[in-house]
**Q** 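Shown below is the structure under consideration.
Worth knowing before you read on, the calculation uses all heavy atoms, side chains too, and leaves out hydrogens, waters and symmetry mates. For reference, positions follow the sequence shown, starting with 1. Because the structure is predicted, anything quoted here is derived from the model rather than measured.
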Amino acid sequence: MKICVIGGGGAIGGYLAVMLARAGNDVTVVARGATLKAIQERGLALITNEEPEPLHATVTAVEKITDAGKPDIIILAVKAHQVEPVVHDMASIMGPDTILIPMQNGIPWWYFQKLPGEYQDHSVETVDAGGLIMRAINPNNILGCVVYPATFTQAPGVIRHVEGTRFPIGELDGSVSDRAKMVSELMAAAGFKSPILEDIRAEIWLKLWGNMTFNPISALTHGHLEGICRHPLTKDLARNMMAEAQTIGEKLGVTFRVDIERRIGGAEKVGKHKTSMLQDLEAGRSLEIDALLGSVIELGQITKTPTPCLSTVFALTKVLDENVQASNGSLALPFAAGY
């Protein structure tokens with residue numbers, strides 16, 4: 001298959017690109033700067049705990065999406081707030097049969113598309129202001145996906161895999177289509193686990209349960225997953241945030257297949273892993289707090305659900321992000337005299 005990975009130099013995008021290329025697919029990655037140069041010169045490298053030597057893959061690397069040709073599959077592996085700037089270029093390389101697999105954390109822009117009920121085609125303003133992305137992308141192209149592996153970028157063009165291989169997929173209308181079966185088999189051949197789910201939105205909430213709690217808590221405390229789950233105060237905060245979110249999800253018809261304690265226990269088992277938000281904070285990158293937490297608060301508002309814990313953590317993390325960005329990505333924030 002001809003596959004384009006937008007964000008292929010990032011942690012998840014690079015992981016997918018390496019494994020899919022090594023499985024015999026024609027992979028093009030879209031990257032920038034030092035990462036683009038490194039991939040063009042040396043290819044992509046993946047470091048895993050299972051292999052003594054790095055896994056290498058030769059891929060085509062381009063800076064512009066419009067130079068990626070006409071792929072069969074597009075994997076959109078950028079942060080939620082990075083989708084809108086590239087959406088029109090991405091749409092230009094898509095045909096009616098192109099499969100688009102968005103891999104953003106949080107509530108996706110397409111959440112209410114093909115979802116029967118009073119909120120059908122409702123725009124999630126927090127991640128898609130004015131419905132711009134919804135208008136640019138045909139929902140018929142979209143195949144939903146939830147990303148579970150933990151990875152990080154060790155150096156430009158070098159990805160470190162920590163744990164996990166699961167990328168569950170699902171059609172927006174809940175059907176088990178031929179193309180979903182094809183993608184599931186394609187991912188399996190590359191070493192991933194991609195079961196087809198008839199309710200991809202329920203899986204989104206299960207993943208989001210952790211992202212919307214542990215990510216901002218880790219950014220605020222600089223704590224790793226194991227520590228957050230074991231400290232009584234942060235564990236209790238995470239529990240309360242999850243309870244608020246569960247109420248929202250259930251009002252939208254979502255069934256949670258595990259309980260809160262089991263979800264927290266699963267995060268603890270990941271160990272001393274820094275969340276992606278903490279990694280972004282330490283690197284001075286903008287945080288995806290709107291997609292992970294702001295979107296849930298927005299859904300709380302439309303379902304008339306109080307969100308005191310979610311709103312408090314959101315406010316604190318939002319201010320932290322704005323302060324770090326105002327100081328050019330520095331964690332050493334200046335304090336005004338008199339405080």
**Q** Quick one: closest heavy-atom pair of R263 and L206, and the distance?
**A**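 Smallest heavy-atom distance, with atoms named: NE-O, 2.8 Å.
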**Q** Looking at E53, I'd like to know if its CD atom is crowded, meaning that more than 12 non-hydrogen atoms belonging to other residues, nucleotides or ligands lie closer than 6.0 Å.
**A**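 It does not: E53 CD has 12 such atoms or fewer within range.
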**Q** What pair of heavy atoms forms the shortest contact from F214 to T275, and how long is it?
**A**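 Shortest heavy-atom contact: O-CG2, 3.8 Å.
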**Q** Salt bridge (Lys or Arg N to Asp or Glu O under 4.0 Å), that's the test. Do K79 and E288 meet it? Break it down for me.
**A** CA-CA 7 Å; K79 303 286 187 181; E288 56 177 345; 3.6 Å; yes
**Q** Give the intermediate values and the outcome of salt bridge (Lys or Arg N to Asp or Glu O under 4.0 Å) for residues K114 and D121.
**A** CA-CA 7 Å; K114 297 192 176 184; D121 292 329; over 6 Å; no
**Q** Can D321 and K318 be counted as an ion pair, charged N to O under 4.0 angstrom?
**A**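 Here D321 does not pair with K318 in a salt bridge, since their nearest N and O are not under 4.0 Å apart.
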**Q** Using every non-hydrogen atom in the two residues, find where G164 and P149 come nearest and quote the distance to one decimal.
**A**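 Closest heavy-atom pair between G164 and P149: O-CB, 3.3 Å.
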**Q** Hey, does the Lys NZ or Arg CZ of R166 hover above the aromatic six-ring of F192, less than 6.0 Å from the centre and inside 45° of the axis?
**A**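 No cation-pi geometry.
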**Q** Are side-chain heavy atoms of T307 and T247 found at a separation under 4.5 Å?
**A**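 Contact flag for T307/T247 side chains = no.
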**Q** Looking at K70, I'd like to know if its NZ atom is crowded, meaning that more than 12 non-hydrogen atoms belonging to other residues, nucleotides or ligands lie closer than 6.0 Å.
**A**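 Yes, enclosed.
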**Q** Would you mind reporting whether L76 and M103 have side-chain heavy atoms less than 4.5 Å apart?
**A**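 SC-SC contact between M103 and L76 ruled out.
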**Q** Using side chain to side chain contact (heavy atoms under 4.5 Å, CB included), reason through F112 and L299 one step at a time and then give a plain yes or no.
**A** CA-CA 11 Å; F112 291 109; L299 298 190; 3.7 Å; yes
**Q** Salt bridge check, E226 against K269: does any charged N sit closer than 4.0 Å to a carboxylate O?
**A**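 A salt bridge is absent here (no side-chain N lies under 4.0 Å from a carboxylate O).
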**Q** Give the other cluster members for L36, using side-chain heavy-atom distances under 4.5 Å between Ile, Leu, Val, Met, Phe, Trp and Tyr residues; answer none if it is isolated.
**A**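 Under the 4.5 Å side-chain rule, L36 groups with nothing.
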**Q** With sequence neighbours left out, what residues match R179 under salt bridge (charged side-chain N to carboxylate O under 4.0 Å, His left out)?
**A**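 For R179, the residues satisfying salt bridge (charged side-chain N to carboxylate O under 4.0 Å, His left out) (neighbours in sequence not counted) are E171.
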**Q** So, H81 side chain and E84 main chain: donor-acceptor pair closer than 3.5 Å or not?
**A**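 Not confirmed, H81 side chain does not pair with E84 backbone.
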**Q** Does K235 pair with E268 as a salt bridge, N-O distance under 4.0 Å?
**A**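 Looking at E268 together with K235, the answer is no, because their closest N to O distance does not fall below 4.0 Å.
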**Q** If hydrophobic residues (ILVMFWY) are linked whenever their side-chain heavy atoms come closer than 4.5 Å, directly or via other members, who joins V162 in its cluster?
**A**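 Besides V162, the hydrophobic cluster comprises F152, listed by chain and residue number.
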**Q** On a heavy-atom basis, which atom in A136 and which in V87 lie closest, and how many Å separate them?
**A**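 Where A136 meets V87 most closely, the heavy atoms are CB-CG2, 3.7 Å.
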**Q** Considering all heavy atoms of both residues, which atom of A180 and which atom of I169 are nearest to each other, and what is their separation?
**A**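 Nearest pair, atom of A180 first, then I169: O-CD1, 3.4 Å.
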**Q** Please walk me through it: do K64 and D67 pass salt bridge (Lys or Arg N to Asp or Glu O under 4.0 Å)?
**A** CA-CA 5 Å; K64 298 179 180 179; D67 290 336; 5.6 Å; no
**Q** With the side chain counted from C-beta on, respond yes when I3 and T28 share a heavy-atom pair under 4.5 Å apart, and no when they do not.
**A**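 They are not in side-chain contact.
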**Q** Could you pull out the closest heavy-atom pair between I297 and S311, with the gap in Å?
**A**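 Closest approach of I297 to S311: CD1-CA, 3.7 Å.
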**Q** Can you find a pair of side-chain heavy atoms, one from V313 and one from M241, that are under 4.5 Å apart?
**A**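 Yes; the side chains approach each other to less than 4.5 Å.
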**Q** Would you say that K207 contacts M212 through its side chain, given a criterion of any heavy-atom pair below 4.5 Å between the two side chains?
**A**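 Of all side-chain heavy-atom pairs linking M212 with K207, none is under 4.5 Å.
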**Q** Decide yes or no for C4 and V30: does some side-chain heavy atom of the first lie under 4.5 Å from some side-chain heavy atom of the second?
**A**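 The answer is yes, as the side chains (C-beta and beyond) meet within the 4.5 Å cut-off.
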**Q** Are V127 and D290 packed together at the side-chain level, in the sense that at least one heavy-atom pair is separated by less than 4.5 angstrom?
**A**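 V127 vs D290: side chains apart.
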**Q** So with a 6.0 Å cut-off around CD of E250, is the heavy-atom count from everything else above 12?
**A**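 Atom CD in E250 is packed in, count exceeds 12.
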**Q** Taking C-beta and beyond as the side chain, do F314 and V296 meet within less than 4.5 Å on heavy atoms?
**A**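 No; the side chains remain at least 4.5 Å from each other.
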